[in-house]
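Remarks on the structure that follows.
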Amino acid sequence: RGIDLKYASPDLKNNRKIVLAGVTQNGMALQYASPGLQNDREIVLAAIKNNIDALEYASPELQNDREIVMAAVNNFGSALRYAPEQFQNDREIVLAAINRDGMALDYASPELQNDREIVLAAVTNRGFALQYTSPELRNDREIVLAAVNNYSFALRHASPELQNNRNFILDVVTQNGNAFRFIENFRNDREIVLAAINNTSWALQYTSPQLQNDREIVMAAVNNDGMALEYASPELKNDREIVLAAVNRNGLAL
């Protein structure tokens with residue numbers, strides 16, 4: 001196993017062929033290589049290709065090598081966390097990192113966390129990356145919509161202004177009904193609830209008791225998925241037409 005390099009003699013830790021074989025099997029073996037081989041480009045590239053955390057054990061010189069850092073983030077976006085500060089503010093490197101993994105936005109400089117193009121790319125890749133954007137961009141409709149369409153929980157990281165903007169919330173649930181579960185202020189808004197249910201019938205679970213007793217809304221839900229009957233009011237669970245619609249959609253709704 002490559003990690004067994006830990007137990008090798010100093011001479012073997014400085015043997016290029018042995019170290020290259022070790023880091024190819026387990027990139028973290030780089031930490032046990034001699035300082036000279038931690039400064040060997042081929043060995044470091046082989047190590048980070050296997051395990052991005054190995055970048056931490058490369059020589060300072062290679063940690064500051066732009067080609068090495070670019071190779072690292074192209075393999076694993078999260079490698080950006082090991083990059084020196086100047087590369088966390090390097091637009092091309094950060095863009096490569098977030099295209100690989102949007103969550104790498106966490107390690108970008110504050111300046112680039114406020115770069116609209118970079119943030120839009122990040123949240124399109126991983127919606128949850130919205131939490132790492134600037135407050136200004138958490139109030140950007142297009143960016144937040146892109147984030148929520150990728151991952152509905154991202155709505156929790158939108159600005160309070162957008163979370164309380166009725167027209168915006170209507171757009172959100174029209175595109176992603178699952179986001180309705182993270183909406184607090186519009187659970188009794190009939191138009192918003194109907195839009196959410198038309199997209200995702202399970203949104204009925206998170207509506208107000210009043211709307212769980214609304215015949216049109218419940219009918220829309222069970223017509224999409226009969227199992228949504230579970231969240232209807234007791235009164236509507238005793239409505240023959242609604243129950244018939246539900247079991248016609250899914251017999252298990254019975």
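The figures that follow rest on heavy atoms only: side chains count, while hydrogens, waters and symmetry mates do not.
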Rounded distance (nearest 0.5 Å) linking atom CD of Gln88 with atom CG of Asp106: 9.5 Å

Closest non-hydrogen atom pair, Tyr32 against Ile3: CE1-CD1, 3.7 Å

Exceeds 12 heavy-atom contacts within 6.0 angstrom, atom CD of Glu136: no

Flag, side chain of Asn51 to backbone of Gly27, donor-acceptor distance under 3.5 Å: no

Test item: Asn150 side-chain N/O and Thr124 main-chain N/O as donor-acceptor pair under 3.5 Å: yes

Asp189 side, atom CG; Ile183 side, atom CD1 - distance, nearest 0.5 Å: 10.0 Å

Side-chain heavy atoms of Thr24 within contact of Asn50, under 4.5 Å: no

Residues, nucleotides or ligands: over 12 heavy atoms within 6.0 Å of Lys237 NZ: yes

Under 3.5 Å side-chain donor-acceptor pair for Tyr82 and Asp53: yes

By side chain to side chain contact (heavy atoms under 4.5 Å, CB included) - contacts of Asn39 (at least two apart): Ser59, Glu61, Leu62

Val218 with Leu254, same ILVMFWY side-chain cluster at under 4.5 Å: yes

Residue pairs passing the ring pair (Phe, Tyr, Trp, His ring centres under 6.0 Å) test where at least one lies in residues 129-169, sequence neighbours excluded: Phe128-Tyr151, Phe128-Phe153, Phe128-His157, Phe153-Phe182

Spacing of CD1 belonging to Ile197 relative to CG belonging to Asn223, to within rounding of 0.5 Å: 11.5 Å

Side-chain touch Met70/Asn74, heavy atoms, less than 4.5 angstrom: yes

Atom of Ala122, atom of Ile98 and distance for their closest heavy-atom approach: N-CD1, 3.8 Å

Whether over 12 other heavy atoms sit under 6.0 Å from Glu85 CD: no

Check: Met103 and Gln131 side chains under 4.5 Å, non-hydrogen atoms: yes

Arg187 to Val193 - nearest heavy-atom pair and separation: O-CG2, 3.6 Å

Separation between CD of Gln175 and CG of Leu145, rounded to the nearest 0.5 Å: 5.0 Å

Polar side-chain atom of Thr200 near backbone of Ala203 as donor-acceptor pair, under 3.5 Å: no

Interatomic spacing from CD in Gln212 to CD1 in Ile217 - rounded to 0.5 Å: 10.0 Å

Shortest non-hydrogen contact from Ala79 toward Ile52: CB-CG1, 2.9 Å

Ile48 side chain reached by Phe76 side chain, heavy atoms, under 4.5 Å: no

Arg190 side chain reached by Glu216 side chain, heavy atoms, under 4.5 Å: yes

Hydrophobic cluster membership, Val173 vs Tyr231, 4.5 Å side-chain cutoff: yes

Partner set under side chain to side chain contact (heavy atoms under 4.5 Å, CB included) for Asp239, not counting sequence neighbours: Arg215, Leu236, Glu241, Ile242

Check: Asn224 and Trp202 side chains under 4.5 Å, non-hydrogen atoms: no

Main-chain N/O of Glu56 paired with Gln63 side-chain donor or acceptor, under 3.5 Å: yes

Results of side chain to side chain contact (heavy atoms under 4.5 Å, CB included) for Ala71 - residues two or more places apart only: Leu45

Check: Asn188 side chain, Ser208 main-chain N or O, donor-acceptor pair, under 3.5 Å: no

Side chain proximity check, Asn14 to Leu37, heavy atoms < 4.5 angstrom: yes

Where Ala221 and Ser201 come nearest, the two heavy atoms and their spacing: O-CB, 3.3 Å

Short side-chain donor-acceptor distance under 3.5 Å, Asn176 and Asn149: no

Polar side chain donor-acceptor pair, Ser152 to Asn178, under 3.5 angstrom: no

Nearest non-hydrogen partners of Ala232 and Leu204, listed with the distance: N-CD2, 4.0 Å

Whether Asn125 side chain and Gly102 backbone form a donor-acceptor pair below 3.5 Å: yes

Val19 and Leu5, any side-chain heavy atoms less than 4.5 Å apart: yes

Under 3.5 Å donor-acceptor, Gln25 side chain and Gly22 backbone: no

Results of side chain to side chain contact (heavy atoms under 4.5 Å, CB included) for Gln86 - residues two or more places apart only: Asn64, Pro84

Short side-chain to backbone donor-acceptor contact, Lys6 and Ala29, under 3.5 Å: no

Rounded distance [0.5 Å steps], CG in Leu55 versus CG in Asn75: 11.0 Å

With Arg181 via salt bridge (charged side-chain N to carboxylate O under 4.0 Å, His left out) - residues at least two apart: none

